[in-house]
Trainee: 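To start, I am sharing the structure in question, which I have written as structure tokens.
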Amino acid sequence: MKAKFITVEGLEGSGKSSVIGFIQKLLKKEGFSVGVFREPGSTSVGEKIRRILLDNKNKKLSAHTELLLYLAARTQLIEEKLIGAFSQYDFVICDRFFDSTLIYQGFALGLGKIVESSVKMFSLGIMPDFTIYLDVVPKEGLARIKKKDRIEERSLSFHEKLRKGYLELARKNPARIKVVNAQKPLNQIFGKIESLLRRKLKV
Ligand code: T5A
């Protein structure tokens, strides 16, 4: 495996897509090859699972079904795309990875231990080298979103719990997870991320 694996995490509307676009451009400018993926999704099966998970009409989706669908999309992505990508590219970037499951289903939905063990099992040994957590106050992140999906429509207290969970996870994993204030203007966020990448990954 030659690629460095970067994951970007954050609450709804925290700017993950904007930041990933910036990182991709920066790395390419420096002459690196880059593969970009998103979770759930980036495979034909994964994109279908994503539609089920985010569809507002699926009000009756149970918490355990939700967990299994996220894990299914992840194993499909790993086996179909990521394993190959790790030997093809210099950098692989993923918009969310297993930290999202730990925080959304494990912590905020309260599934706890079952999430910890299943996440470990179905990540098939893959661990990000570096994770950026974009920290935004839920009210502000949600206000940036025009049309809310099934998860974004959850209560403000659910989103506040997510933030608490992410900050705690970052505190427990200081070498891997870096917290970036995502309430600043995008150009300032990009500047911060560039300096983190240059320091951590010697870009
Ligand atoms: N999920 C996922 C789980 O529950 N468990 C899991 O295991 C996994 C993998 C996936 C959903 O699934 C959940 C989490 C999610 O609910 P997603 O990853 O959130 O969906 O996908 P998107 O809907 O594409 O992401 P968001 O809509 O949340 O947006 P982004 O990518 O965070 O933000 P972005 O860059 O598109 O920006 C949104 C808007 O805000 C503006 C942008 O210009 C854009 O208009 N913006 C800013 N404006 C001002 N200042 C800033 N700093 C700004 N940053 C962005």
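All ligand and atom numbering here is 1-based and tracks the order in the structure. Note that the numbering runs from 1 along the sequence shown for the chain.
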Trainee: Which protein heavy atom lies closest to atom 25 (O) of ligand 1, and at what distance to 0.1 Å?
Mentor: Lys16 NZ, 3.5 Å

Trainee: Before accepting this row, confirm whether a basic side-chain N of the pair Glu168/Arg171 lies closer than 4.0 Å to the acidic partner's carboxylate O.
Mentor: yes

Trainee: What do you reckon, does Asp149 have a nitrogen or oxygen under 3.5 Å from a nitrogen or oxygen of ligand 1?
Mentor: no

Trainee: Strictly below 4.0 Å, N to O, side chains only: are Glu9 and Lys16 in salt-bridge contact?
Mentor: no

Trainee: Write out the residue and atom name of the closest protein heavy atom to atom 7 (O) of ligand 1, then the distance separating them to 0.1 Å.
Mentor: Thr101 OG1, 2.6 Å

Trainee: Using only heavy-atom distances, determine whether the side chains of Arg144 and Ser14 contain a donor-acceptor pair under 3.5 Å.
Mentor: no

Trainee: Pairs of nitrogen or oxygen atoms closer than 3.5 Å, one from Ile151 and one from ligand 1: do any exist?
Mentor: no

Trainee: If only side-chain N and O atoms count, and only distance matters, is there a donor-acceptor pair under 3.5 Å linking Arg96 with Tyr104?
Mentor: yes

Trainee: Count the heavy atoms belonging to other residues, nucleotides or ligands that lie under 6.0 Å from NZ of Lys161, then report whether that count exceeds 12.
Mentor: yes

Trainee: Using a 4.0 Å cutoff against the non-hydrogen atoms of Ile189, which atoms of ligand 1 qualify?
Mentor: 52 (N)

Trainee: Can you find a heavy atom in the side chain of Ile132 that is under 4.5 Å from one in the side chain of Ile23?
Mentor: yes

Trainee: Just going by heavy-atom distances, which of Arg74, Gln188, Arg96 is nearest to atom 17 (P) of ligand 1?
Mentor: Arg96

Trainee: Below 3.5 angstrom, do we get any N/O pair linking Tyr70 and ligand 1?
Mentor: yes

Trainee: Centre-to-centre under 6.0 Å for Phe5 and Phe97, is that the case here?
Mentor: yes

Trainee: Is there at least one pair of N or O atoms, one from Arg38 and one from ligand 1, spaced under 3.5 Å apart?
Mentor: no

Trainee: For ligand 1, which atoms, with element, lie under 4.0 Å from some heavy atom of Glu152?
Mentor: 23 (O), 27 (O), 28 (O)

Trainee: Please identify which atoms of ligand 1 are closer than 4.0 Å to at least one heavy atom of Glu39.
Mentor: 9 (C)

Trainee: Going by the atom numbers of ligand 1, which of them fall below 4.0 Å from some non-hydrogen atom of Ala182?
Mentor: 52 (N)

Trainee: State plainly whether the residues Glu47 and Arg51 are in salt-bridge range, i.e. N to O under 4.0 Å.
Mentor: no

Trainee: If the threshold is 4.0 Å, N to carboxylate O, is there a salt bridge linking Glu153 and Lys59?
Mentor: yes

Trainee: Show every ring pair (Phe, Tyr, Trp, His ring centres under 6.0 Å) that has at least one partner inside residues 45-76, sequence neighbours left out.
Mentor: none

Trainee: Quick one: which of Arg50, Glu12, Lys148 has a heavy atom closest to atom 22 (P) of ligand 1?
Mentor: Arg50

Trainee: Does the protein come close to atom 44 (C) of ligand 1 - that is, does one of its heavy atoms sit below 4.0 Å from that atom?
Mentor: no

Trainee: Closest non-hydrogen protein atom to atom 36 (O) of ligand 1, residue and atom name please, with distance?
Mentor: Ser17 OG, 3.6 Å

Trainee: Can you spot which of Asp99, Thr131, Asp129 makes a side chain to side chain donor-acceptor pair (under 3.5 Å) with Thr7?
Mentor: Thr131

Trainee: Run the salt-bridge test on Asp90 and Lys2 with the 4.0 Å N-O cut-off and return the result as yes or no.
Mentor: yes

Trainee: State if Leu54 counts as touching ligand 1 under the rule of any non-hydrogen atom under 4.0 Å.
Mentor: yes

Trainee: May I ask you to list the atoms of ligand 1 that are less than 4.0 angstrom from any heavy atom of Gln105?
Mentor: 3 (C), 4 (O), 5 (N), 6 (C), 7 (O)

Trainee: Out of Lys184, Arg150, Arg144, Glu153, who is nearest to atom 40 (O) of ligand 1 when you count heavy atoms only?
Mentor: Arg144

Trainee: Tell me the protein heavy atom at minimum distance from atom 28 (O) of ligand 1, and give that distance in Å.
Mentor: Gly13 N, 2.8 Å

Trainee: Considering only NZ, NE, NH1 and NH2 on the basic side and carboxylate oxygens on the acidic side, decide whether Asp55 and Arg150 come within less than 4.0 Å.
Mentor: no

Trainee: So which heavy atom in the protein is nearest atom 42 (C) of ligand 1, and how far is it from that ligand atom?
Mentor: Ser18 OG, 4.2 Å

Trainee: If you measure every N or O of Gln183 against every N or O of ligand 1, does any of those distances drop under 3.5 Å?
Mentor: no

Trainee: Please report whether ligand 1 has a polar contact with Gly15, defined as an N or O pair separated by less than 3.5 Å (distance criterion only).
Mentor: yes

